[in-house]
Amino acid sequence: MNIKNITKLLKAYFYENWQNDLIFGFVIVMAISLFSMLISPFDAGVGNIAAVILMIYYPCRLFSKLHNSSSRMHYLMIPASNAEKVVTGMFLANIYYVLGVMLFLSIGILLGYGINKIFNPDIEATPNLFKYVFFSSSLSILEFYTWIAFTFFAAIYFRKSPFWKLLLTGFLILIVFITVMAATVWLNAKSVLPAGSLYRNYIKTESYVLTGSDWLPYVFCCIAIVYCYAMSFLRMKETEV
Amino acid sequence: MIKLENVQFGYNANQPLFNGVDWQLESGHLYGLLGRNGAGKTTLLKIMTGLLFPHAGNAIINGQPACKRSSQQLCDVYFLQEEIYVPHLKIKQFEAAFAPFYPNFSHEQFLEYLRDLEMDNMHGFIDKFSHGQKKKVMIAFALATNVPLLIMDEPTNGLDIPSKSIFRKILASYADEQKTVIISTHQVRDLHSLIDAVSILDNGRMILNATNDVITDKLLFDVDNQKSQDGNVFYTEETPRGIYQVKENLNHIDSALDLELLFNAAIQNKKEFTELFK
């Protein structure tokens with residue numbers, strides 16, 4: 001793995017995409033400021049909107065070159081190894097896009113607030129950006145990055161209609177995930193509670209003790225992330241034109 | 001430098017395209033890869049560059065399997081495809097984005113080639129150019145990379161007549177001892193004066209792979225008023241200008257290589273040619 005090659009790949013990405021990223025950022029700013037003017041950012045589900053953009057739109061777009069024969073040839077012939085290409089994609093999906101969307105969301109919220117303030121001087125104090133942008137999503141950070149990893153893999157794996165196949169596969173994975181979560185809750189209740197009790201111990205935060213089954217979703221997420229990126233690398237390695 | 005050993009490949013399991021292709025290429029030559037439609041020329045080039053994986057056998061570049069597609073290996077190869085893809089970039093941006101991947105890329109040469117191909121005053125996005133213009137930009141870029149192995153698939157398709165002769169001129173000055181150029185084409189007349197080695201692919205095998213000198217040493221390209229009665233004639237073609245013939249050059253007489261005649265003679269005499277050029 002050569003850092004110089006990763007830098008070159010990033011540079012090539014920025015040359016090709018900076019305008020698109022900026023335009024999309026502008027759309028986010030406009031949409032969020034409009035939402036923020038009409039309803040509070042938290043109620044507008046800003047975090048969820050951001051999460052969907054980051055989990056589906058960007059990773060799907062990231063490997064769009066692999067979805068067409070001539071662009072796939074161009075991409076595969078760029079002098080960087082398969083691992084370097086995957087790592088560059090991981091950087092973009094997990095860091096660059098996340099920070100970029102957060103930045104544009106913050107600008108959108110502040111802009112909306114500023115405009116609102118002009119017309120309605122009595123509105124609440126400056127919005128808590130930290131709360132709205134980072135913590136208004138219903139997903140945990142680990143779940144969020146698991147979904148990114150999953151979409152990332154799907155974007156490399158599916159050549160035709162990646163978006164729809166991704167949704168279908170996502171739906172199936174969701175069912176598996178929910179099943180695992182349900183099993184975790186069931187196991188947890190069974191291991192901690194006295195037989196026959198309907199009161200579940202883990203809800204009482206003061207007496208909450210992590211058991212093996214509490215870690216299961218976290219372990220599942222971590223395994224899923226590693227698995228998705230490892231599979232993405234293998235898929236990239238065996239990609240032909 | 002580049003070696004294909006017993007390469008077997010097919011898009012369908014029941015229809016193999018290659019039944020053990022062997023092909024060895026030496027540095028410092030400009031190879032013309034010829035073959036009929038559907039012979040698998042483009043497929044072979046893709047296998048050679050690691051874009052397709054052989055079902056059996058090996059494609060080796062600089063001692064490494066091509067399918068590894070390592071960064072070092074890709075630095076040494078530029079594959080100009082027939083159906084070119086260009087990103088939404090201007091010429092300068094394209095150069096800034098992709099030239100750093102090629103350590104021997106020459107900005108001066110790139111400008112010079114663009115100037116020769118009359119593309120130096122184009123300021124728009126490359127993907128908005130005509131097919132021929134896109135091709136010229138990509139040809140200029142490919143040549144400026146100065147990679148040891150340059151592969152061009154039908155490079156003159158889409159070029160106008162003046163551009164074809166400029167392309168030939170540029171390519172003639174490009175070749176040197178360290179570089180290998182492979183040009184796959186149907187349009188043999190475009191390459192006639194250019195290539196110094198010929199490879200002919202037919203029915204899943206490489207039936208000829210030799211330099212022009214070796215070919216003209218073993219074959220005589222002759223034009224006469226009547227058909228030769230010798231048993232050593234491989235191919236004859238009657239034209240208003242006379243009867244063109246390809247014969248075995250038993251007396252080592254010098255003659256000018258005619259690619260079309262050679263190609264027709266080779267596909268009609270596969271066994272004999274394979275033996276002759278062993």
Give a yes or no on this: more than 12 heavy atoms of other residues, nucleotides or ligands lie within 6.0 Å of atom [atom1] of [X].
{"X": "A:F26", "atom1": "CZ", "value": "no"}
{"X": "B:Q64", "atom1": "CD", "value": "yes"}
{"X": "B:K3", "atom1": "NZ", "value": "no"}
{"X": "B:F53", "atom1": "CZ", "value": "yes"}
{"X": "A:Y157", "atom1": "OH", "value": "no"}
{"X": "A:K237", "atom1": "NZ", "value": "no"}

Next item on the list: Just give me the residue among B:Q93, B:E83, B:R69 that pairs up with chain A most often, heavy atom to heavy atom, under 4.5 Å.
Entry: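 Between B:Q93, B:E83, B:R69, the count favours B:R69.
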Provide the closest heavy-atom pair for [X] versus [Y] in the form atom of the first, atom of the second, distance.
{"X": "B:L74", "Y": "A:I78", "value": "CD1-O, 3.3 Å"}
{"X": "B:F101", "Y": "A:A12", "value": "CE1-CB, 4.3 Å"}
{"X": "B:S71", "Y": "A:S81", "value": "CB-N, 3.7 Å"}
{"X": "B:L52", "Y": "A:V241", "value": "CD2-O, 3.5 Å"}

Checklist line | Which portion of A:M1 sits near chain B, non-hydrogen atoms under 4.5 angstrom | finding: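 Contact with chain B is absent: no heavy atom of A:M1 under 4.5 Å.
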Next item on the list: Examine whether an atom of A:E84 lies under 4.5 Å from a heavy atom of chain B, and if so say whether it belongs to the side chain, the backbone or both; otherwise answer neither.
Entry: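 The answer is the side chain of A:E84.
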[X] [atom1] to [Y] [atom2] distance, which is reported to the nearest 0.5 Å:
{"X": "A:Y15", "Y": "B:E95", "atom1": "OH", "atom2": "CD", "answer": "9.5 Å"}
{"X": "A:M73", "Y": "B:I84", "atom1": "CE", "atom2": "CD1", "answer": "11.5 Å"}
{"X": "B:H88", "Y": "A:Q19", "atom1": "NE2", "atom2": "CD", "answer": "6.0 Å"}

Note to self: Looking only at heavy atoms and a cut-off of under 4.5 Å, which of A:K4, A:K11, A:E238 has the most pairs with chain B?
What the structure shows: A:E238
Next item on the list: Name the orientation class of the two ring planes belonging to B:F98 and A:H74 (parallel below 30°, tilted from 30 to 60°, perpendicular beyond 60°).
Entry: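 B:F98 vs A:H74 ring planes: perpendicular.
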Margin query: What part of B:L89 gets within 4.5 angstrom of chain A, counting heavy atoms only: side chain, backbone, both, or neither?
Written below: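 The side chain, not the backbone.
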